Amino acid sequence: MDFKWLHTFVTAAKYENFRKTAETLFISQPTVTVQIKLLEEELGCQLFTRKGRSIHLTKEGRAYLPFALRLLEDYESSMAELHRIRQGYSQTLNLAVSPLIADTILPFVLKKYTALHPNSEIKVKIAESAEIAPLISAGHADIGLSCLNVQSSNLNCYSMYSDPVILVAPHDGRAAEQAPPLDVEDLLEEYLLLTHNHPEYWDDLVRQLRIKFPFVRTMLVSQAHITKRFISEGLGISFLPLSTVRRELMEGRLIEVPCDFMKLPVAGGYAISLKDNEKVEHFLAFLAEFRF
């Protein structure tokens, strides 16, 4: 049996149209017809009924579909494993990483780690911080890098770094020595406050602000990189961890605003694992020595 026949069968079952199947697989429609016919001859049954341009799975076709999917999955997994071995990988480390950490420290961490350990294959799944602990518990990832501290008897969680939170606003285009000092009250009257772009500190911070500035107008934006873009385009201001805006501050796209009237929170980054094994301990030891 040719695995191309299975791929064609599964695709045709999805679209119920041989023309769409041919376009998806970049083959001709007659080739689709031939491959389905060859598979039917191999199995000794009809997989589709044809009515005009439409096709539908027969009873036998519906019964065979989950087996075909499983065969393809096993085949692709085996090829991926062979490819991994040919590349020289001796182990695979699955990471679940929050978007904020993926956008800031992760590239530097992985660049150094893969240079030191070229035999380690890294797979990265981007997930919201609240989703990372369940992924670890379910065994879908070896290590999670999250913005949330997890308190669980089943999980290990340790702090990687502390990150001061600052107020940032759009740059007004004037040099710092020439511009008058920015006033938080004026900024909150002019701009929306973009909130909840970090999962750890926003509820308490907004309550404190509303006590002093009851007029504040807010907009919830759940992703820090979108928040930064909104700020640079003049849509609003926000309180963000310093590590997320360091480059924008250096490049002059954003400006830090002093907040002497209140104590700003500190954000964190946390490494989470289900249980220690050799590859997990190795990566965690590397993180412990990394200078964030």
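Computed from a predicted model, the values in this text were never measured in an experiment.
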How far apart are the C-alpha atoms of Arg70 and Phe67, what are their side-chain angles, what is the distance that settles it, and do they pass the side chain to side chain contact (heavy atoms under 4.5 Å, CB included) test? CA-CA 5 Å; Arg70 194 178 310 151; Phe67 294 98; 3.9 Å; yes

Could you go step by step and tell me if Ser232 and Leu254 meet the side chain to side chain contact (heavy atoms under 4.5 Å, CB included) rule? CA-CA 6 Å; Ser232 64; Leu254 303 178; 4.2 Å; yes

Report the C-alpha distance between Ile27 and Gln35 in whole Å, list the side-chain angles of each, state the deciding distance to 0.1 Å, and finish with yes or no for side chain to side chain contact (heavy atoms under 4.5 Å, CB included). CA-CA 11 Å; Ile27 58 178; Gln35 290 183 358; 4.3 Å; yes

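Between the CG atom of Leu274 and the CG atom of Leu135 there is a distance of 12.0 Å, given to the nearest 0.5 Å. In this structure, the separation between CG on Asn17 and CD1 on Ile55 is 6.5 Å, given to the nearest 0.5 Å. The distance from atom SG of Cys45 to atom CG of Leu39, rounded to the nearest 0.5 Å, is 8.0 Å. Taking OG1 of Thr218 as the reference point, atom CH2 of Trp202 lies at 9.0 Å (rounded to 0.5 Å). To the nearest 0.5 Å, atom CG of residue Leu25 and atom NZ of residue Lys20 are 10.5 Å apart. Here CG of Leu148 is found 8.0 Å from CD1 of Ile132. Values are rounded to the nearest 0.5 Å.
A donor-acceptor pair under 3.5 Å is formed between the side chain of Arg210 and the backbone N or O of Val216. Panel note: side chain Asp142, backbone Asn94; a donor-acceptor pair is recorded below 3.5 Å. In this structure a side-chain-to-backbone donor-acceptor pair under 3.5 Å is present from Thr58 to Gln46. At distances below 3.5 Å, not a single donor-acceptor pair connects side-chain atoms of Lys123 with backbone N or O atoms of Thr92. Looking only at distances, a side-chain donor or acceptor of Tyr158 sits under 3.5 Å from a matching main-chain atom of Leu284. A donor-acceptor pair under 3.5 Å links the side-chain atoms of Ser129 to the main chain of Cys147, judged by distance alone. Not a single donor-acceptor pair under 3.5 Å links the side chain of Tyr191 to the backbone N or O of Pro170. Glu248 places no side-chain N or O within donor-acceptor distance of the main-chain N or O of Arg253, the cut-off being under 3.5 Å.
The shortest side-chain heavy-atom distance between Arg207 and Asp204 falls under the 4.5 Å cut-off. At a threshold of 4.5 Å between non-hydrogen side-chain atoms, the residues Ser238 and Asn197 count as touching. Counting heavy atoms from C-beta outward, Leu194 and Leu240 have side chains that stay 4.5 Å or more apart. Side-chain contact check for Leu110 versus Leu95: some heavy-atom pair is nearer than 4.5 Å. Looking at heavy atoms from C-beta onward, Ile101 lies in side-chain contact with Met160 at the 4.5 angstrom threshold. Between Tyr75 and Leu6 the shortest side-chain heavy-atom distance does not fall below 4.5 Å. Side-chain atoms of Tyr113 and Ile122, non-hydrogen and from C-beta on, do get closer than 4.5 Å to each other.
The aromatic rings of His282 and His117 lie perpendicular to each other, with more than 60° between the two planes, well past the 30° mark.
The minimum heavy-atom distance linking Pro241 with Asp163 is given by the pair CB-OD2, 3.2 Å. When all heavy atoms of Cys259 and Leu167 are compared, the closest pair comes out as SG-CD2, 3.5 Å. Taking each heavy atom of Ile231 and Ala169 in turn, the nearest pair found is CG2-C, 3.6 Å. The minimum heavy-atom distance linking Cys157 with Asn149 is given by the pair SG-OD1, 3.3 Å. The minimum heavy-atom distance linking His198 with Gly268 is given by the pair NE2-O, 4.2 Å. Residues Ile166 and Glu256 approach most closely at CG2-OE2, 3.5 Å, considering heavy atoms.
Annotation for His7: atom NE2 does not count as buried by contact number, only 12 or fewer foreign heavy atoms lying within 6.0 Å. Around the NE2 atom of His196, the shell of radius 6.0 Å holds more than 12 heavy atoms that belong to other residues, nucleotides or ligands. Dense packing is recorded around CD of Glu41, with more than 12 heavy atoms of other residues, nucleotides or ligands lying under 6.0 Å away.
Looking only at atom types and distance, the side chain of Tyr15 has no donor-acceptor partner in the side chain of Glu23 under 3.5 Å away.
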